[in-house]
Amino acid sequence: MKRQIWMEYRKLWNKVSLVAVAAMCVVAAVHLFVYLNLQYRSIDKNGELVEGLASYWALKEASKDLEGVMDGEYIQKLVASYNASYEKEYLAEHRGFLGTGGMTKYDVPNYCINYAYFGPWMSNGNEKVGLDYDFLESEESFYAAYKEAMKEELEEDAKYLYWGYSDEQHLVLNKKADNVKTPFTTGYAQGLFNLRAWFILDYSLVFFVLAFALAGLFSRDSAGGVTELTLSAKYGRKKNLNARWMAGNLFSASVYLVYLAVQIIVNGAIGTLAGWNLPAQMLWFSCLHNITLGEGLLLLFFGGLLGALVIGNIVMLFSIKLKNGKLAAALSVIAVVLIRRTGSVEGLYGVTELFSPMYFERDSLLQLYRFVGNIAVPYFVAVPVVAALYVAVLYTGVRLSYKNYHIN
């Protein structure tokens with residue numbers, strides 16, 4: 001059986017799939033290099049403006065001065081350092097958002113602190129890096145304000161959630177906010193911030209590759225598709241079905257891992273992967289889980305794998321239903337386009353994040369919850385359950401169709 005799976009898997013790496021995977025890698029890499037080179041700039045440790053890809057290494061070197069634990073002593077030194085800095089003067093004259101105005105070593109700790117003030121209305125605008133707040137007088141008052149901002153964001157998000165939270169459920173989430181571990185540690189993590197952003201932005205490229213590559217798996221008009229010999233062999237249908245289905249899932253995972261590798265390698269080369277051990281709150285301000293930034297990204301990457309497997313199974317179902325590779329590919333592309341548009345449907349916030357494969361790798365994995373009674377189930381637990389149900393239903397459709405598969 002293992003050999004049969006391997007043979008079916010090898011057949012999937014044909015000219016069409018190789019071209020599609022190569023195109024995916026090129027588009028993702030070029031997109032990163034061009035945008036990050038043209039868009040970003042930073043201020044180095046000497047107060048000089050550095051533009052292009054070199055800005056990330058300059059920023060990493062400058063950020064060494066601000067690495068540490070954000071306790072009371074750190075915060076007081078940070079306030080004094082920032083108020084006397086060239087960066088404060090520069091940002092006062094260069095408004096805009098992170099990157100366009102210029103990245104500085106103060107961005108990560110200052111944005112974290114500003115979230116305690118702005119809460120749900122926090123952004124990465126350069127006007128939201130100031131440190132003129134009374135709650136910075138002590139470590140206790142800062143983290144109390146920070147946790148209140150988390151609770152305020154929970155309240156605000158609940159207004160847009162399709163199912164919302166009850167008063168009792170809000171109490172459960174508020175208790176989780178109170179239990180977030182402090183003080184935070186901080187440091188350079190811009191490379192990881194970019195990795196998260198671009199991983200999400202170009203994720204649908206994987207779907208399009210699968211739409212073309214798997215469309216011929218069960219077709220009659222493909223060299224690697226179903227033949228009369230396949231269907232006539234003793235136990236051929238069942239064994240061949242399972243081998244093809246497993247190979248299709250293995251191929252889906254492989255394409256996704258190639259995409260993920262491109263994102264990690266390119267972002268790592270440009271911005272480095274430093275900052276994995278920082279708390280998740282350095283990126284996801286309202287995250288209620290006591291996990292690191294690296295662990296949060298791993299959860300997003302796992303969600304991305306689940307989404308790819310679901311899409312792969314959808315394409316396999318189209319392939320066996322239509323028995324025509326080109327038609328299955330066309331329908332699969334249309335399905336992918338429609339799935340990409342699910343997030344634009346108003347009034348379904350929370351629903352699309354849980355049920356659309358396109359959103360299995362989004363920040364909602366770490367920020368949203370479903371409740372069973374008053375038990376809070378985070379999305380990174382709920383999404384695998386939903387994905388498993390998708391795959392089970394789709395596999396059942398493939399299996400039933402294969403029982404009645406006829407060449408003529």
- Check the pair E168, V172 against side chain to side chain contact (heavy atoms under 4.5 Å, CB included), reporting the backbone distance first and the verdict last. CA-CA 7 Å; E168 292 79 7; V172 172; 5.9 Å; no
- Message: Enumerate the side-chain hydrogen bond (donor to acceptor under 3.5 Å, both in side chains) contacts for residues 272-281, please, sequence neighbours excluded, ordered by first and then second residue.
- Response: none
- Working to the nearest 0.5 Å, report the span between OG of S332 and CG of L322. 8.0 Å
- Step by step, would you call F251 with L214 a side chain to side chain contact (heavy atoms under 4.5 Å, CB included)? CA-CA 9 Å; F251 180 83; L214 291 178; 3.8 Å; yes
- Distance-only polar pair, side chains of Y106 and S81, donor-acceptor under 3.5 Å: yes
- Item | Y86 side chain to E48 backbone, donor-acceptor under 3.5 Å | no
- Atom CD of E295 and atom CG of L366: how far apart are they, to the nearest 0.5 Å? 10.5 Å
- Item | Non-hydrogen atoms of E8 and A247 that approach each other most closely | CB-CB, 3.7 Å
- Note on the structure: NZ of K321 to NZ of K323, rounded to nearest 0.5 Å, is 9.5 Å
- Query: Is a side-chain N or O of T396 found less than 3.5 angstrom from the main chain of A392, in a donor-acceptor match?
  - Reply: yes
- Item | Near-ring test Y203/F207, centroid separation under 6.0 angstrom | yes
- Might you point out which heavy atoms bring T352 and Y359 nearest each other, and give the distance in Å? O-CB, 3.7 Å
- Message: Quick one, F199 and Y259 - any side-chain contact, counting heavy atoms below 4.5 Å?
- Response: yes
Using a 3.5 Å cut-off and no angle test, enumerate the donor-acceptor pairs between side-chain atoms of residues 367-376 and protein atoms at least two apart in sequence or in another chain.
from, atom 1, to, atom 2, distance (Å)
Q367, NE2, S286, OG, 3.3
Y369, OH, H289, NE2, 3.4

- Message: Measuring only between side-chain heavy atoms, which start at C-beta, is M150 closer than 4.5 Å to L288?
- Response: yes
- Message: If you define the side chain from C-beta out and look only at heavy atoms, does anything of I270 sit under 4.5 Å from N194?
- Response: no
- Heavy atoms of L300 and Y256 approach each other most closely as O-OH, 4.4 Å
- Do the non-hydrogen side-chain atoms of L299 and F302 ever get within less than 4.5 Å of each other? no
- Taking C-beta and beyond as the side chain, do V108 and C112 meet within less than 4.5 Å on heavy atoms? no
- Does the S42 side chain pair with the main chain of M103, one donor and one acceptor, at a distance under 3.5 Å? no
- Note on the structure: CG (L59) and OH (Y188) are apart, to the nearest 0.5 Å, by 5.5 Å
- Take atom CH2 in W163; do more than 12 heavy atoms of anything else shown fall under 6.0 Å from it? yes
- Query: Under 6.0 Å between ring centres, would you say that holds for F184 and Y143?
  - Reply: yes
- Would you say the side-chain atoms of Y9 and S254 include a donor-acceptor pair closer than 3.5 Å? yes
- Query: Of all residues at least two apart in sequence or in a different chain, which pass the side-chain contact (heavy atoms from CB on, under 4.5 Å) check with Y133?
  - Reply: I113, N114, Y117, F118, F135, L136
- Can you find a heavy atom in the side chain of Q263 that is under 4.5 Å from one in the side chain of D202? yes
- Task: Could you check Q190 against K60 for side chain to side chain contact (heavy atoms under 4.5 Å, CB included), going step by step and ending with a plain yes or no?
- Result: CA-CA 8 Å; Q190 189 59 48; K60 184 178 185 298; over 6 Å; no
- Message: Quick one: does any side-chain atom of R244 pair with a main-chain N or O of L217 as donor and acceptor, under 3.5 Å?
- Response: yes
- Say whether, by atom type as modelled, one donor and one acceptor occur between the side chain of N290 and the main chain of N179 under 3.5 angstrom. yes
- Message: List the residues meeting side-chain contact (heavy atoms from CB on, under 4.5 Å) with E152, not counting sequence neighbours, and say none if there are none.
- Response: P120, W121
- Item | Shortest non-hydrogen separation from Q169 to G164 and the atoms involved | OE1-O, 4.1 Å
- Query: Any side-chain heavy-atom pair from T185 and P279 closer than 4.5 angstrom?
  - Reply: yes
- Query: Is the side chain of Y115 donor-acceptor paired with the backbone N or O of W284 at a distance under 3.5 Å, no angle test?
  - Reply: no
- Item | side chain to side chain donor-acceptor pair (under 3.5 Å) partners of E61, counting only residues at least two apart | K64
- How many angstroms lie between CD1 in I43 and CG in L91, if you round to the nearest 0.5 Å? 6.0 Å
- Item | Shortest non-hydrogen separation from L309 to N249 and the atoms involved | CD2-O, 3.5 Å
- Message: Please give me the minimum heavy-atom distance between L36 and N267, naming the atom from each residue.
- Response: CD1-OD1, 4.2 Å
- Going from CG on L306 to CD on E361, what distance comes out if it is rounded to the nearest 0.5 angstrom? 10.5 Å
- Task: Scan side-chain atoms only and decide if T104 and D107 contain a donor-acceptor pair under the 3.5 Å cut-off.
- Result: yes
- Message: Tell me whether Y74 contacts the main-chain N or O of L66 through its side chain, where contact means a donor paired with an acceptor under 3.5 Å.
- Response: yes
- Item | Validation row: I311, S252 side chains within 4.5 angstrom (heavy atoms) | no
- Message: Atom CD of residue position E73 - does it have more than 12 heavy atoms of other residues, nucleotides or ligands inside 6.0 Å?
- Response: no
- Polar side-chain atom of S356 near backbone of E353 as donor-acceptor pair, under 3.5 Å: no
- Please walk me through it: do V129 and E87 pass side chain to side chain contact (heavy atoms under 4.5 Å, CB included)? CA-CA 10 Å; V129 292; E87 283 84 352; over 6 Å; no
- Please collect all salt bridge (charged side-chain N to carboxylate O under 4.0 Å, His left out) contacts where either partner lies in residues 171-200, sequence neighbours excluded, each pair once. K151-D178, R196-D363
